[in-house]
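For reference, the structure discussed in these notes is given below.
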Amino acid sequence: MTVTQDIKYVGVNDHQVDLFEGQYVVPLGMAYNSYVILDEKIAVMDTVDVHFGDEWLANLEKALDGRRPDYLIVQHVEPDHSANIRPFLEKYPDAVVVGNAKTFTFIEQFYGADPAMKKQVVKNGEQLVLGSHTLTFVFAPMVHWPEVMVTYDSKDKVLFSADGFGKFGANDVEDPEGWACEARRYYFGIVGKYGLQTQKLLKAAAGLDIAIICPLHGPVLTENLGYYIDLYDKWSSYTPEEPGVCIAYTSVYGHTKEAAEKLAELLRARGQKVAISDLARDDMPEIVEDAFRYDRLVLATTTYNNGIFPFMHTFIENLTEREYQNRTIAFVENGSWAPVAAKHMKAMFEKSKNITFAETTVTIKSALNKESEAALAQLADELVR
């Protein structure tokens, strides 16, 4: 694949992975992107996952067309991007590995010391001239590892964005839902905690003339870049993407589920967009995505061991550890003799910023009755207001 006349794509697609990073389901597979810049001197941008070294080296050799690379630039040492550094150097021992000080610390931790490795340690803002292409390295610590840096090519106006602007899914499979859905799930699952750091990177990128974004996962972005950047700005500033209500519930015998579904009906009848999910059965990272996508959240669960049901506890932890904020939250609790779930759920958000709690809390005693159904209607009205 040709990105520009001088920049070639040499990445691979993974249809073998069952769980990305050991936890995220990826039904459309995964892409591990790598690029090569062909100039007077040649720079390779990152490697790929350990299982695809031979394929990647073959892709690279084809793109090089008989030439040999001068540099391997390591923007991120997570193993899905760095696992083939050593095989690369075995084939191209004269190439110089370019990274920052933390880059080489992590490389040694993962792969051991290599006295023969030729290193070039760069600082934030430092440049590397390949010929007509000048690369500028912009450090992006904690987006989402401390050694991460992105690279800007001023000639072709390309931003090599590391894990930024990445998405789940292989590049040889068309995503029926488009870019945003799996990019949103990827962002909030993997990068979401580091909104402040992502905002700093976006501000640095705002001063660059960018025509193409080349991430380490997902497609190369070449058109309507404002759309992608605007979404990243919203996501990283914890701004709701659109009006809507995410309802997340757990249910033991179906009564709390009935209440959640009843509330969803009431909200839809009032013209609201609703996403409803069963925390025990549906993909939790996707529910986390919905909670960040919309401006209102309803949590419905049973009282369990004088606390809250385990899946709900885990879900709230997923939100708070990702700095969930700037939303309205409402609670539906169920308990046959001592319903206290709402109290415990609310307490889990005590350190969250800019959270508005709905005045109406719906309490169900075992099963819905006229009183609790009326409370659901009252909550629906409040959420609409």
Side-chain angles (χ1 to χ4, degrees), residues 10-12 14 17 19-24 30-37 43-53 55-57 59-60 69-93 95-126 128 135-152 159-168 186-187 189-194 197-198 200-201 204 213-218:
V10 293
V12 299
D14 182 359
V17 59
L19 293 175
F20 181 72
E21 290 196 350
Q23 60 177 318
Y24 300 103
M30 202 68 195
Y32 309 119
N33 297 339
S34 174
Y35 310 87
V36 57
I37 306 171
V44 178
M45 307 298 298
D46 300 289
T47 80
V48 299
D49 182 83
V50 65
H51 298 98
F52 299 90
E55 181 181 349
W56 172 68
L57 286 171
N59 292 345
L60 179 58
D70 298 278
Y71 301 103
L72 173 62
I73 297 170
V74 181
Q75 299 183 110
H76 184 19
V77 191
E78 202 165 4
D80 54 332
H81 307 301
S82 68
N84 283 285
I85 292 175
R86 184 154 290 171
F88 172 87
L89 292 176
E90 289 172 357
K91 187 167 185 177
Y92 304 110
V96 176
V97 180
V98 178
N100 57 62
K102 287 188 174 67
T103 302
F104 292 106
T105 297
F106 287 177
I107 288 175
E108 185 168 335
Q109 288 176 188
F110 273 110
Y111 310 113
D114 182 358
M117 180 189 292
K118 299 177 180 178
K119 305 176 184 178
Q120 182 169 334
V121 181
V122 297
K123 296 180 179 179
N124 187 31
E126 191 169 334
L128 178 65
L135 306 181
T136 302
F137 303 109
V138 179
F139 286 12
M142 297 318 300
V143 186
H144 60 116
W145 280 26
E147 91 298 355
V148 172
M149 63 185 188
V150 302
T151 307
Y152 178 67
L159 178 67
F160 297 94
S161 59
D163 272 351
F165 298 96
K167 71 179 287 290
F168 295 125
Y186 176 92
Y187 175 83
I190 295 173
V191 189
K193 178 178 177 63
Y194 304 107
Q197 292 85 348
T198 305
K200 290 180 179 179
L201 177 59
I213 297 176
C214 289
L216 287 178
H217 297 292

Can you tell if the side chain of Leu57 reaches within under 4.5 Å of the side chain of Asn84, non-hydrogen atoms only? no
If you apply the rule side-chain contact (heavy atoms from CB on, under 4.5 Å), what do you find for Trp56 with Asp46, and how did you get there? CA-CA 11 Å; Trp56 172 68; Asp46 300 289; over 6 Å; no
Any Phe52 side-chain heavy atom under 4.5 Å of Asn59 side chain: no
Do side-chain atoms of Tyr35 reach the backbone of Gly11 as a donor and acceptor pair under 3.5 angstrom? no
Is there a donor-acceptor pair under 3.5 Å between the side chain of Glu147 and the backbone N or O of Val77? yes
Side chains of Pro69 and Phe88 in contact at under 4.5 Å (non-hydrogen atoms): yes
Taking Gly189's backbone N and O only, do any of them form a donor-acceptor pair with Tyr24's side chain (distance below 3.5 Å, no angle check)? yes
Contacts of Tyr187 meeting side-chain hydrogen bond (donor to acceptor under 3.5 Å, both in side chains) (sequence neighbours excluded), chain-then-number -> none
Where Leu89 and Ala95 come nearest, the two heavy atoms and their spacing: CD2-O, 3.9 Å
Once rounded to the nearest 0.5 Å, what's the spacing between atom CG of Asp80 and atom CE of Met30? 7.0 Å
Answer yes or no: is there a side-chain heavy-atom contact under 4.5 Å between Ile37 and Phe160? yes
Should Val44 and Tyr92 count as side-chain neighbours, where that means a heavy-atom distance under 4.5 Å? no
Please assess Ile85 against Met117 for the test side-chain contact (heavy atoms from CB on, under 4.5 Å), listing each intermediate value before the final yes or no. CA-CA 10 Å; Ile85 292 175; Met117 180 189 292; 4.2 Å; yes
Under a 3.5 Å distance rule, please check whether Asn33 uses its side chain to pair with a backbone N or O of Cys214 as donor and acceptor. no
Evaluate the side-chain contact (heavy atoms from CB on, under 4.5 Å) criterion for residues His144 and His76: first the C-alpha distance (whole Å), next the side-chain angles of each, then the deciding distance (0.1 Å), finally the verdict. CA-CA 9 Å; His144 60 116; His76 184 19; 3.6 Å; yes
Would you call Phe104 and Val97 a side-chain contact if the rule is heavy atoms closer than 4.5 Å? yes
Side-chain contact test, heavy atoms from C-beta onward, threshold under 4.5 Å: evaluate it for Leu60 versus Lys91 and give yes or no. no
Contact summary for Gln120 and Tyr71, nearest pair of heavy atoms: OE1-CE2, 3.7 Å
Heavy-atom side-chain proximity of Asp49 to Val12 below 4.5 angstrom: no
Parallel, tilted or perpendicular for His81 and Tyr32, by the 30°/60° rule? perpendicular
For Gly166 and Tyr186, the nearest pair of non-hydrogen atoms, with its separation, is O-CD2, 3.5 Å
Go through the steps to decide whether Phe20 and His217 satisfy the test side-chain contact (heavy atoms from CB on, under 4.5 Å), and finish with yes or no. CA-CA 12 Å; Phe20 181 72; His217 297 292; 3.7 Å; yes
So, Thr151 side chain and Phe137 main chain: donor-acceptor pair closer than 3.5 Å or not? no
Is it true that the side chains of Asp14 and His51 contain a donor and an acceptor less than 3.5 Å apart? no
Those residues at least two apart in sequence (or on a different chain) that pass salt bridge (charged side-chain N to carboxylate O under 4.0 Å, His left out) with Lys119 are none
